[in-house]
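First comes the structure, then the notes that go with it.
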Amino acid sequence: MELSVENLVKQYSGHRALDGVSFTLNEGVYGLLGPNGAGKTTLINIIAGILLPTSGAVNWEKADIGNLDWRYREILGFQPQTPTLYKTFRADEFLYYMAAVKGMNLSKKELRMTVDKVLDIVNLRQDAHRKIREFSGGMRQRLGIAQALLNEPKLLLLDEPTAGLDPQERIRLRNVIATVALNKIVIWTTHIVSDIEYMAKEILMLKNGRLIARDTPAALVDKMQGKVFSLSVSPQEAAVWQTRTLVGNIRKRDADVLLRIVGDNGFGGITVPPNLEDVYLYYFQEIAEEE
Amino acid sequence: MQLWKLIKYELKKTVCNKFFTITFFLLFVVNIMLWCEHWEAFGDGRKVTKYTKAECALLESLSSESLTAFKEKMIEQYGADVFSPSYIPTMEMMSPPGYFGEQFSDFGIINTYVALQQMNEENEALYQNVLKAAKQFGREALEEGNDYEVRRNQSIIRLYSVPRPEINCLVCSWNDFLFGRHTMLLALLLIFQSGAGMFTKEISSQTWLLLHTSKNGKGKTLASKFFAAGIIAVATVIVFQGSSMLMIHLNYGLLGAAEPVSAIQGLELFPFSFTVGQYVLLTMLCQMWAAIVISVLFCTVSAISGSGLVSYIVNGFILGGSFLLVNFSPDSEWLTGPLALIRPEKYFESYYTVNILGYPVMGVLIHLIIDCVVGIGCIILSAKVYHRKRRKI
């Protein structure tokens, strides 16, 4: 099982959304990390085959996805960013419809079992007969994931699947994806580090349309050794430090403030063990400042 | 099987839409209201039709001896010119009881008898004229070597030589149904509402992303949308025209469905031996066809439009233009537009043919073929542009 992306470029008028992105993926969960505007959705839409790149190619098992056409869509599960879905449909009805759209040739009984199974996975079985218009944002998001899982895809693309979910639902969703990820390539785009920290086999970091880093979470964190510091400053100085350095965290204590500084210069602070959020901050500092 | 499943879901998407339901209800009520302009007189016409029906039935049941006796008695009672169409009746004549008892006035029976006689005689004369002219023109065409005209006149002679059944009953209110305009306009507005949003709703709700990444999300889904639009178009015509027929019947009464089409004013030269009922069915089939064609156009514009607003504006112009063209068009055989068949009498009021390689082909068939070609072209265009356009977003 192999998905390869070769030198992808997507040029809009006056703006390059993707600039020479290349990578190859095998089975496992991959986190596509980047701030808003980094090109994550553009990349995922190109991989999903709904957007044409200006140049470059996406290959599934060494064959161009454009040539594979429906054979590629048959193995694909895609959850777009915040789809509205069909509000007049019931949840189960929507999944029956999606099964038909996905060309699943199942008997009625098999189909009902498949739908029940994915509804169980996303914990919506008890709401199967409710209209989608009555669903909360989180429930819709879960239903979107249910439809993506319906055809047991080999390639699962999730575009910011945790958007709009409360912490409990996010944890549940992470567990769901970890459960179903076996024998699949899962690409999960997000700008929330904790979504993918513990489950991603590798993290691909996208910034200004370029792939700036790709590694396992542990290796990325390891590369940050010696770049995260803890510095004690007075409460009055805290604000000034935030403008001079990248501050990952501020903890107020009785007499002072403890800053978590990310950067090559620790300004005399004590080196502390890094985590993935530090990695994010380190790589995307410019974007973060612009935002 | 899968396509039918997809069609069912597409129908549900459209029909269960709140906006569609409200629009349908409003247009349906307007249609009903327009057939009942004067509620206080609702149903009065039906009583008149009922009398006419009874009079026709009575006349049909009379033997020739009884009829002769009746005519003699009437001439004796009211004068020699009582069977003349210009005869001015007296009050006594107009009110029952009459010759045939309590139920019928003499004038009612005389009037119906004269009208039927006149219609049959005039139609017979008309056919004889057509045959005479066809023979004359056919001979001239033969001398000129005009194959098309020769064949056309041969066809006319063949069609109009078929003996036509006599008109035994007056046709009441079918004209209102056949030539009324507002019902089809209202039906088309509903078809417009459903067709113009068929694809753009997927775009505005972003659900097209789900469709385009699924195995059947392109070709079959596109086909199912066109089928669903066509089914909605047909169902809308049936519901609106059916309700109109019911309202006309309740208000004015419908009579004469079994009579020959030539009993309808303006269709005396209808080339085939159809009854009024069969012609009504033919008209409705033509209207359904026109509704399907326009729904295909609406869907095509919807598929190639970037937004719902553009789709509704462009489709609005298509609907408005087509409707104006068919109802108020210049006297052109070709400038009829996609809705020409909502008023098919244009094709049937005489033997209207087109010269195709020297052979006379009925105009309606040519129109159907053009519609098919345009429809298939539209679907191909939709498939190509809809797919490609989305990929360039």
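Chain letters run A, B, ... following the sequence lines, proteins first and then strands; every chain starts at 1. Atoms considered below: every heavy atom in the structure, side chains included; atoms not considered: hydrogens, waters and symmetry mates.
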Highest number of heavy-atom pairs under 4.5 Å with chain A among B:Gln2, B:Lys5, B:Lys201 belongs to B:Gln2
Do we see a donor-acceptor contact under 3.5 Å between the side chains of B:Asp371 and B:Trp289?
-> yes
Salt-bridge test for A:Arg112 and A:Asp116: reply yes if a basic N is under 4.0 Å from a carboxylate O, no otherwise.
-> no
Contact origin within B:Lys220 toward chain A - heavy atom pairs under 4.5 Å = neither
For the student: nearest non-hydrogen atoms of B:Asn216 and B:Thr221, plus distance = O-OG1, 2.6 Å
Pair count under 4.5 Å, heavy atoms only, with chain A: among B:Lys12, B:Lys18, B:Lys8, highest is B:Lys12
Honestly, the part of A:Met104 sitting under 4.5 Å from a heavy atom of chain B is backbone
If a pair satisfies side-chain hydrogen bond (donor to acceptor under 3.5 Å, both in side chains) and one of its residues is in residues 15-24 of chain A, list it, with sequence neighbours excluded.
-> A:Gln11-A:Arg16, A:Arg16-A:Asp19, A:Asp19-A:Arg210
Taking only Lys NZ, Arg NE, NH1 and NH2, and the carboxylate oxygens of Asp or Glu, determine whether A:Glu74 and A:Arg71 approach each other closer than 4.0 Å.
-> no
Derivation and outcome, side-chain hydrogen bond (donor to acceptor under 3.5 Å, both in side chains), residues B:Asn31 and B:Ser244 | CA-CA 7 Å; B:Asn31 186 40; B:Ser244 291; 3.1 Å; yes
Output the option from A:Thr42, A:Thr88, A:Asp69 having the highest count of non-hydrogen pairs under 4.5 Å with chain B.
-> A:Thr88
Going by residue number, which parts of residues 148-162 of chain A are within reach of chain B, meaning a heavy-atom gap below 4.5 Å?
-> none
Go through the structure and list residues passing side chain to side chain donor-acceptor pair (under 3.5 Å) with A:Lys62, not counting sequence neighbours.
-> A:Glu2
If you tally heavy-atom pairs under 4.5 Å against chain B, which of A:Trp70, A:Tyr86, A:Phe89 wins?
-> A:Tyr86
Relative to chain B, which segment of A:Glu93 carries a heavy atom at a distance below 4.5 Å: side chain, backbone, both, or neither?
-> both
Between A:Gln147 and A:Gln79, does any side-chain donor sit less than 3.5 Å from a side-chain acceptor?
-> no
Contact origin within A:Tyr72 toward chain B - heavy atom pairs under 4.5 Å = neither
A:Asn123 meets the side chain to side chain donor-acceptor pair (under 3.5 Å) criterion, sequence neighbours left out, with none
Taking the six-membered ring for Trp, are the ring centroids of B:Tyr312 and B:Phe192 within less than 6.0 Å of each other?
-> yes
